[in-house]
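Shown next, in structure tokens, is the structure this report addresses.
First the proteins, then the strands, lettered A, B, ... as listed; each starts at 1. Scope of the values below: all heavy atoms of this structure, side chains included, with no hydrogens, waters or symmetry mates. No experiment lies behind these values; they were computed from the predicted model shown.
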Amino acid sequence: MVDLSDVRKRPEEYRDAAKKKGIAVDIAKFLKLDEERRALLAVVEEMRAKRNSVSKQVPTMKGTEKEKAIKEMKELAETLKEKEHVLEKTEAAWQHLQLLIPSIPLPKVPVGKDDTENVEIRRWAPHQSPASAGSGAEQGDPVTFDFEPKDHIALGEALDIIDVLRGVKIAGSRSYFLKGDGARLELAVLLFTLDHLTKKGYTPFLPPLMVNYDAMMGTSYFPGGEEQTYAIGVQKAKDGPLESDGFFLIGTSEVSVTSYHSGEVLKHEDLPRRYCGMSNCFRREAGTYGKDTKGLYRIHQFQKVEQVVLCEASPEASANMHSELLTNAEEVLQALELPYRVVDVCTGDMGRGQVYKNDIETWMPSRKGYGETHSCSTFHDFQARRLNIKYETKTGEKKFVHTLNNTCIASPRILIPILEIYQNKDGSVTIPKALQPYMGGQKKIVKR
RNA sequence: GGUGGGAUGGCUGAGUGGUCGAAAGCGCACGACUCGAAAUCGUGUAACCCCUUACGGGGUUCGAGGGUUCGAAUCCCUCUCCCACCGCCA
């Protein structure tokens, strides 16, 4: 949610932001409703004031005077009820619209319509002599092979560590099993990342996977993201209606962990709060039919270590935390020796609330390109307003905190580059050095 | 799943239809006393919204929603959450 007084002050900027982000919201309609609401509020409050003052006097009155006052108040109550009803309706529409108003992107954000217009800002690849020949060398790929490489599915099936067919059998498309060393590899990469962040002062969380509407709304997934979200309910008969329990499966632990302090007032000296949530994540992936159907790239359920930060309300503090979050994620990729690039996400590929966003894309040989593996977002006070998270400044002023988040690792998507880049000619996969301690010292995944 | 007890300001807790946004205590802030401190005494101490340059005024909020009433923390209905015990259970 944005600062409404700011919207009143410079509506054109919000109209512009909505246009650049590709978000449909009628700012003029909002302003009109806003005025209507305030006019109605004035009328209703005046009537309430009258009622309150007369009601206070009633007990001191007697006889006909009292009867007259009560009669008058009865009539007033009726008109008041009507007015309140109109106000309520206006307020509901007003509230709905204000949730749709996007934040204004920082000036440095490139303007563009979708992810094809994101702008690369840097690349990293491990130091190793580039192969002079072999698959990929002529295109200048960061990873080359002197044999014909397999994709992660072929590797996973041959090694019996990924089973997509049986996943689909019991849970439908975009489902899978990790088994054996595949299961262990995923846990290894998650735990390695969690340890990395813990060492850097981040508090790990295992948060609720099911949350209420307020958490979804507060982190600004709702309204708008309902179609991407699984709702929890009870189905009493096969093909019968689903009775909602009012809970939703999180698509990221950002939802639970950012909401952790909702409704609270923190102390200035307790900021920044550095948190990381490890959780399963659930996504319906509605509207992606036919997109990334093969393999573990786009799936309904995965696991992620997510970084979440609450910091003081200054653009500088936010910017510092943003680069810290990026650095943490890059350190993990560097430890895993996976080539990646960082892009500035353009306006059209940003969410409603974000003011700045970077994606990290990791090299995936089978895609012959970089695939998104991380997403680092700065919100300023957009989420904090919705979640009502404040802090008290040194001067005793209460302000909304700034929130940020970034993936630190998401699996099994990260298994794509790991398996594909670390594969050997004989079909085995070398385990990245950093993960070997988390696999009991094991150095290779081989067919068992 | 069953039974009983709860939910009031930063905290404890009183309040069962009208001058109650709410006693008292604790905490906190300021002042007095003191060389200074403790103790003591005094004063003050909720959030949000609307109008106002400001001073100030008004509204809403006693878990949430609805109802009764001229008027609800207080009465009625529904729901949520917490605590205790019983049953079942990873």
Just name whichever nucleotide pairs with [N], Watson-Crick or G-U, keeping both distances under 3.5 Å, else none.
N     : answer
B:A46 : B:U61
B:A72 : none
B:G87 : none
B:G17 : none
B:A54 : none
B:G10 : B:C26
B:U40 : B:A32

Using heavy atoms to find the nearest nucleotide of RNA chain B for A:Lys71 and A:Glu88 separately, return the residue whose nucleotide is more 5′.
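The residue mapped nearer the 5' terminus is A:Glu88.
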Charged N to carboxylate O below 4.0 Å: is that the case for [X] and [Y]?
X        : Y        : value
A:Lys267 : A:Asp270 : no
A:Glu306 : A:Lys304 : yes
A:Asp151 : A:Lys294 : yes
A:Arg166 : A:Asp163 : yes
A:Arg385 : A:Asp3   : yes

Using the [atom1] atom as the reference point in each nucleotide, state the distance between [N] and [M] in Å, no decimals.
N     : M     : atom1 : value
B:A14 : B:A24 : C1'   : 7 Å
B:C81 : B:U68 : C1'   : 26 Å
B:G59 : B:G5  : C1'   : 36 Å
B:G31 : B:U19 : C1'   : 31 Å
B:A73 : B:G6  : C1'   : 15 Å
B:A64 : B:U74 : P     : 11 Å
B:U78 : B:G27 : P     : 43 Å
B:U69 : B:G42 : C1'   : 43 Å

Between B:U19 atom C1' and A:Lys56 atom NZ, what is the distance in whole Å?
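Answer to the nearest Å: 7 Å.
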Could you give the NZ-to-P distance, from A:Lys66 to B:G71, as a whole number of Å?
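Distance check: A:Lys66 NZ to B:G71 P gives 14 Å.
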What side-chain donor-acceptor pairs closer than 3.5 Å can you find for residues 43-51 of chain A, not counting sequence neighbours?
| unit_1 | atom_1 | unit_2 | atom_2 | d |
| --- | --- | --- | --- | --- |
| A:Arg48 | NE | A:Glu84 | OE2 | 3.0 |
| A:Arg48 | NH2 | A:Glu84 | OE2 | 2.8 |

Using a 4.0 Å cut-off on protein heavy atoms (strictly under), produce a 5'-to-3' string for nucleotides 46-62 of chain B with B for base contact, S for backbone-only sugar-phosphate contact, and - for none.
--SSSS------BSS--
Just by distance, no angles: are the side chains of A:Thr258 and A:Gln383 close enough, under 3.5 Å, to form a donor-acceptor pair?
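Their side chains do not contain a donor-acceptor pair, so the 3.5 Å distance test is not met.
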Under 3.5 Å donor-acceptor pairs involving side-chain atoms of residues 406-417 of chain A, not counting sequence neighbours:
| unit_1 | atom_1 | unit_2 | atom_2 | d |
| --- | --- | --- | --- | --- |
| A:Asn406 | OD1 | A:Cys376 | N | 3.4 |
| A:Asn406 | ND2 | A:Leu325 | O | 3.0 |
| A:Thr407 | OG1 | A:Ser375 | N | 3.1 |
| A:Ser411 | OG | A:Glu186 | OE1 | 2.6 |
| A:Arg413 | NE | A:Tyr297 | O | 2.9 |
| A:Arg413 | NH1 | A:Glu372 | O | 2.6 |
| A:Arg413 | NH2 | A:Tyr297 | O | 2.9 |

